[in-house]
Each structure stands twice: as structure tokens, then as C-alpha cells.
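Every value quoted in this text rests on a predicted model; they were computed, and no experiment measured them. In each ligand, atom 1 is the first atom listed, and ligand 1 is the first ligand listed.
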Amino acid sequence: MTRSPKILVFDSGLGGLTVFSEIAKIRPNAEFVYCADDAGFPYGSWGEPELAARILAVMAAQIDEHEPDIVVIACNTASTLALPQLRARWPGVLFVGTVPAIKPAAAMSRTKLISVLATPGTVARDYTQKLIQEFAGGCAVTLVGSKHLAKLAESAIHGEEIADGAIASEIASCFVQRDGARTDVIVLACTHYPLLQESFARLAPWPVDWIDSAPAIARRADQVLVENLGPDAPNGDAPRRRAIFTSGAAPSESLAATLTRYGLPAA
Ligand code: DGL
């Protein structure tokens, strides 16, 4: 069967736009619903049982309403916690998650000092520990759970100025020097962080490779769609796209303009 799929992209806020825009490049004809659980943002500081229940409740409402072919959980904090539960609850829906890109970071690093910059939730997950054990055996991995970066990124995308010092202090502990070697790869393990990547690069004490997994997540989503529904195919109408905010709040003028730049009119 070849038809345009309906893709639901989900995040706690607007970080998932970094993933949405990569998927939209590969699947320009798909129908998209972008759902931001802004009423629950930020996810990084929630307790695990409460957050899992929240994600399942929001997903239940979104899946009932939109009946997507595939759900892309464009959030590391949610994926590392709730992916197995989501797949078990909706066996007929395809799910693609976003988890810290520890395997490519370990393969890419020459100094074998890598850092994972994520939310406090993601660094505390068993899932993240398992990724390190499985794929980063030869590396020293520094986990940095940032309390403020997701909020700073969210403010930036809402058009606010962010002071360099606020960003620099959140990324500082990613940079480790040991026995004459320095961190050379940092995993951006929160989908909000690529929104600040230019500032990170400018404020870094030395140059490193920053890994943004959005292009890889988009390729994975496309592959799952090809296997299950077929390749992207033009449809007669302009592709339908909308953004939904669980708070029900209408986006500000500046946010509406940003969403439009992303090719995503607010509903
Ligand atoms: N964008 C989310 C992630 O990838 C988390 C941001 C938050 O809600 O704390 O982890």
C-alpha cells in the first residue's frame, strides 16, 4: 500500500520541532500533528511513575483523536521511560523513540572521553545506564543532568534573549580533562538542546563534536514507514500539518511566526 501516512510527533514542548523538521524533509507529503505537552513541561524534573502516567494519558487522548499511523516520541525524557509501555498499550500503532546517541558518540570519540547532556530525568534512567554498558565500554562517560537548559531553549524559541552566562554554566561540566586528554564528543540527549547548539559551540571552552540525533530519528521513522506503509508518495492536496498545545493556550505572535517558519501552522 502506498499512501501518505499520518505522523504524530510528540514532545513536552517545542524541542521536538528539531525532529519534526528532519522528518518533514524526508516525508514532505505526510500529514503531521505536532503535539507539545506544554501543560506538563518540563518533563525533566518529574518523578518516574507520575511522568509515565502523564505520558500515557496524553497519548491516549492524541491517539484517539488523530489515529496516527506512527508516533514519533521526540523526547528523550519520555522515550527512556515510557516507550515499552506505549508499545504494549497500542500494539497496532508504530512507535519510534528518541534515546541518547551513546553508541555513535562512543564510536566517534578519539579521546574516549564523552559527555551526555540531558535532563535530570534522562541521566537518572536505567535505560541510559544500559546504553552506556552496552555501547560505551571503552569510554569514560560523563552524565550531565541540566536543570535549566530545556527551559532556556523553550524561552529562546519563544523569542526571548538568553544570557550567555546562563548557558555556559549549564554546559560547563560536560568538558572534562583527564591525563592530558579532553572530552571530544558531547551527545545532545534532549531534543530542546539543538535549538541552542550555536550558542553551545560559541561558548565551549574547546571545540567538540555535538551529536544531534534528529536526522537519525527521521531516517528511522522513514524506514519504519517504508516497511509498513510504503515510500513517500505525492498526494494531490497540500500536506496537512498542525501544532497542538495541551494547555490549550494560543501561541504568541512570535511563536506563531516561528511555527510557520517550521512549516507548521498552529491549530
Ligand atoms: N525535549 C525533552 C527531551 O528530549 C525534554 C525537555 C523537558 O521537558 O524537560 O528530553
Original post:
Between the side chains of Ser4 and Asn29, does any donor sit under 3.5 Å from an acceptor?
Top reply: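 Their side chains do not contain a donor-acceptor pair, so the 3.5 Å distance test is not met.
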
Subject >> Short N-O contact, Lys151 and Glu154, less than 4.0 angstrom >> reply: no

Return a table of N or O atom pairs, ligand 1 on one side and protein on the other, at distances under 3.5 Å, rounded to 0.1 Å.
residue: ligand 1; atom: 1 (N); partner: Asp11; partner atom: OD1; Å: 3.1
residue: ligand 1; atom: 1 (N); partner: Asp11; partner atom: OD2; Å: 3.4
residue: ligand 1; atom: 1 (N); partner: Thr191; partner atom: OG1; Å: 2.9
residue: ligand 1; atom: 1 (N); partner: His192; partner atom: ND1; Å: 2.8
residue: ligand 1; atom: 4 (O); partner: Asn76; partner atom: N; Å: 2.8
residue: ligand 1; atom: 4 (O); partner: Asn76; partner atom: ND2; Å: 3.2
residue: ligand 1; atom: 4 (O); partner: Thr191; partner atom: N; Å: 2.8
residue: ligand 1; atom: 4 (O); partner: Thr191; partner atom: OG1; Å: 3.3
residue: ligand 1; atom: 8 (O); partner: Ser12; partner atom: OG; Å: 2.6
residue: ligand 1; atom: 8 (O); partner: Tyr43; partner atom: N; Å: 2.6
residue: ligand 1; atom: 9 (O); partner: Tyr43; partner atom: N; Å: 3.3
residue: ligand 1; atom: 9 (O); partner: Gly44; partner atom: N; Å: 2.9
residue: ligand 1; atom: 10 (O); partner: Asn76; partner atom: N; Å: 3.4
residue: ligand 1; atom: 10 (O); partner: Thr77; partner atom: N; Å: 3.0
residue: ligand 1; atom: 10 (O); partner: Thr77; partner atom: OG1; Å: 2.5

Subject >> ring pair (Phe, Tyr, Trp, His ring centres under 6.0 Å) contacts in which one or both residues fall within residues 178-207, not counting sequence neighbours >> reply: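 For residues 178-207, and leaving out neighbouring residues, the ring pair (Phe, Tyr, Trp, His ring centres under 6.0 Å) pairs sorted by first residue read Phe41-His192, Phe175-Trp206, Phe200-Trp210.
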
Original post:
Could you give all pairs that pass the ring pair (Phe, Tyr, Trp, His ring centres under 6.0 Å) test and reach residues 84-142, with sequence neighbours left out?
Top reply: none

Subject >> Trace of the side chain to side chain contact (heavy atoms under 4.5 Å, CB included) decision for Val72 with Phe20 >> reply: CA-CA 9 Å; Val72 178; Phe20 160 76; over 6 Å; no

Identify each donor-acceptor pair in which a side-chain atom of residues 248-257 lies under 3.5 Å from a protein atom, sequence neighbours left out, and give them as a table.
residue: Ser252; atom: OG; partner: Leu255; partner atom: N; Å: 3.1
residue: Ser254; atom: OG; partner: His158; partner atom: O; Å: 3.0

